[in-house]
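The figures that follow rest on heavy atoms only: side chains count, while hydrogens, waters and symmetry mates do not. Counting starts at 1 for both ligands and their atoms, following the listed order.
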Amino acid sequence: MENTKELRTWLNDMQLSHPLVIAGPCSAETEEQVLKIAHELKDSDVNYYRAGIWKPRTRPGNFEGVGALGLKWLQKVKEETGMKTCTEVANATHVKLAIEHDVDLLWIGARSTVSPFIMQELADALEGTDKIVLVKNPVNPDLALWLGGIERLYSANIKKLGAIHRGFSTYEKSKYRNIPEWQLAIEFQNRFPDLPLICDPSHITGKRDMVFDVSQMALDLNFDGLMIETHIDPDNAWSDAAQQVTPDTLKQMMIDLRVRKETTSDKSYRESLENLRAQINVVDNQLIDILGKRMKIADKIGALKKEKNVAVLQSKRWNEILGNMILEGEDRGLSEEFVLKMFKAIHQESINHQEKIIKG
Ligand code: PEP
Ligand code: MN
């Protein structure tokens with residue numbers, strides 16, 4: 001992708017005084033529901049009204065969307081409220097129907113981004129379109145698949161592009177429905193700095209009372225916008241009931257969220273920041289140094305185990321370490337989730353070191 005600056009043009013042209021906001025229900029359910037929510041969102045910061053028409057469901061038997069009929073309801077939304085509309089497309093037929101019904105922005109869902117075949121089909125169907133196309137991250141934390149999806153669309157001469165971070169599925173216990181893995185989103189920003197990046201806190205959290213905090217986190221990380229599922233009667237929504245917020249909650253969130261400036265020329269701020277960053281650099285170097293020392297000790301243990309022909313993995317000892325470190329971490333304000341993750345990584349590295357010694 002050469003001329004990436006042009007990727008921001010569609011967003012810059014909107015001249016927004018706030019982050020881009022996409023809101024509306026997870027699914028279009030009835031004409032009345034779609035229009036009611038739209039009317040409630042009409043006089044707000046919402047830029048695009050979303051509603052899923054074709055719903056990718058993990059298990060069969062759940063509500064799979066109203067289908068093309070819902071596109072007529074979105075047309076009515078536009079006529080009655082003036083709001084622009086968007087929906088998810090997952091195959092060439094969806095693309096054709098959505099464009100015929102004048103949907104303004106199309107997004108590609110997480111279950112489509114995982115498949116290069118689907119992405120290529122969509123890129124071919126959308127070739128040369130001047131609609132805005134946003135690509136959600138794939139379900140699994142694979143940056144290359146996400147980047148690859150964007151590249152396929154770019155190669156099909158689609159220039160109004162953007163990405164949506166909606167978290168990644170995990171088998172591990174987590175308070176999130178899809179863990180955010182912020183470092184992956186940051187890496188994505190580094191790779192495509194000009195590509196507008198939008199956060200979908202609804203699918204990250206899966207719970208409406210966590211949506212605000214994740215939205216704030218995204219804005220603190222300079223995301224360009226938010227996609228938030230919004231429903232007049234969230235508890236009775238036909239899909240994703242637990243994560244949808246009411247239009248009133250959404251409007252209040254838009255007031256309460258703090259939009260941070262990317263940077264400021266304020267001199268004392270800059271000096272303090274430089275100083276704190278320097279301190280962080282020192283501590284980071286110490287961390288690496290200490291980890292190196294820990295691995296040297298692991299090597300010695302490996303040598304001892306080799307001599308006595310003892311197994312590398314000693315589960316009891318490992319559980320003791322973990323238990324202690326979680327308590328120590330708590331005293332220092334570190335979450336259990338973080339301590340567990342960090343020590344799992346350290347432990348794995350220790351095992352690798354010991355294996356090497358034993359084999360060698
Ligand atoms: C959605 O936006 O309703 C949706 C299905 O999202 P995702 O593709 O992120 O699961
Ligand atoms: Mn949803």
Counting non-hydrogen protein atoms only, what is the nearest one to [atom]? Give residue, atom name and distance.
{"atom": "atom 8 (O) of ligand 1", "answer": "A110 N, 2.9 Å"}
{"atom": "atom 5 (C) of ligand 1", "answer": "E88 OE1, 3.7 Å"}
{"atom": "atom 4 (C) of ligand 1", "answer": "H203 NE2, 3.5 Å"}

Which ligand 1 atoms does [X] reach within 4.0 Å, using its non-hydrogen atoms?
{"X": "C26", "result": "3 (O)"}
{"X": "R111", "result": "7 (P), 8 (O), 10 (O)"}
{"X": "R50", "result": "1 (C), 2 (O), 3 (O)"}
{"X": "G109", "result": "8 (O)"}
{"X": "K136", "result": "1 (C), 2 (O), 4 (C), 6 (O), 7 (P), 8 (O), 9 (O)"}
{"X": "R166", "result": "7 (P), 9 (O), 10 (O)"}

Once rounded to the nearest 0.5 Å, what's the spacing between atom [atom1] of [X] and atom [atom2] of [Y]?
{"X": "E121", "Y": "S112", "atom1": "CD", "atom2": "OG", "answer": "9.5 Å"}
{"X": "L69", "Y": "L97", "atom1": "CG", "atom2": "CG", "answer": "12.0 Å"}
{"X": "H231", "Y": "R208", "atom1": "NE2", "atom2": "CZ", "answer": "10.5 Å"}
{"X": "F117", "Y": "L122", "atom1": "CZ", "atom2": "CG", "answer": "13.5 Å"}

Note to self: Among the N, O or S atoms of D240, which one sits nearest to the Mn ion (ligand 2)?
What the structure shows: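 The D240 atom nearest to the Mn ion (ligand 2), restricting to N, O or S, is OD2.
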
Note to self: Only N/O/S atoms count here: what is the atom of E229 closest to the Mn ion (ligand 2) called?
What the structure shows: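 Checking each N, O and S atom of E229, the shortest distance to the Mn ion (ligand 2) belongs to OE2.
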
Margin query: Given I228, which partner from the list M253, Q244, Q243 fulfils the side chain to side chain contact (heavy atoms under 4.5 Å, CB included) test?
Written below: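 Result for side chain to side chain contact (heavy atoms under 4.5 Å, CB included) with I228: M253.
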
Item checked: contact_flag E229 ligand 1 heavy-atom lt 4.0 Å ->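 Right, E229 reaches ligand 1.
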
Item checked: Polar contact flag for K55 and ligand 1 (N/O pairs, less than 3.5 Å) ->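 So ligand 1 has an N or O lying under 3.5 Å from an N or O of K55.
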
Next item on the list: Any chance you could lay out the side-chain hydrogen bond (donor to acceptor under 3.5 Å, both in side chains) test for Q33 and E31, step after step, and finish with the verdict?
Entry: CA-CA 6 Å; Q33 171 247 15; E31 179 171 349; over 6 Å; no

Next item on the list: Considering only NZ, NE, NH1 and NH2 on the basic side and carboxylate oxygens on the acidic side, decide whether E40 and K36 come within less than 4.0 Å.
Entry: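 No, no charged N to carboxylate O under 4.0 Å.
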
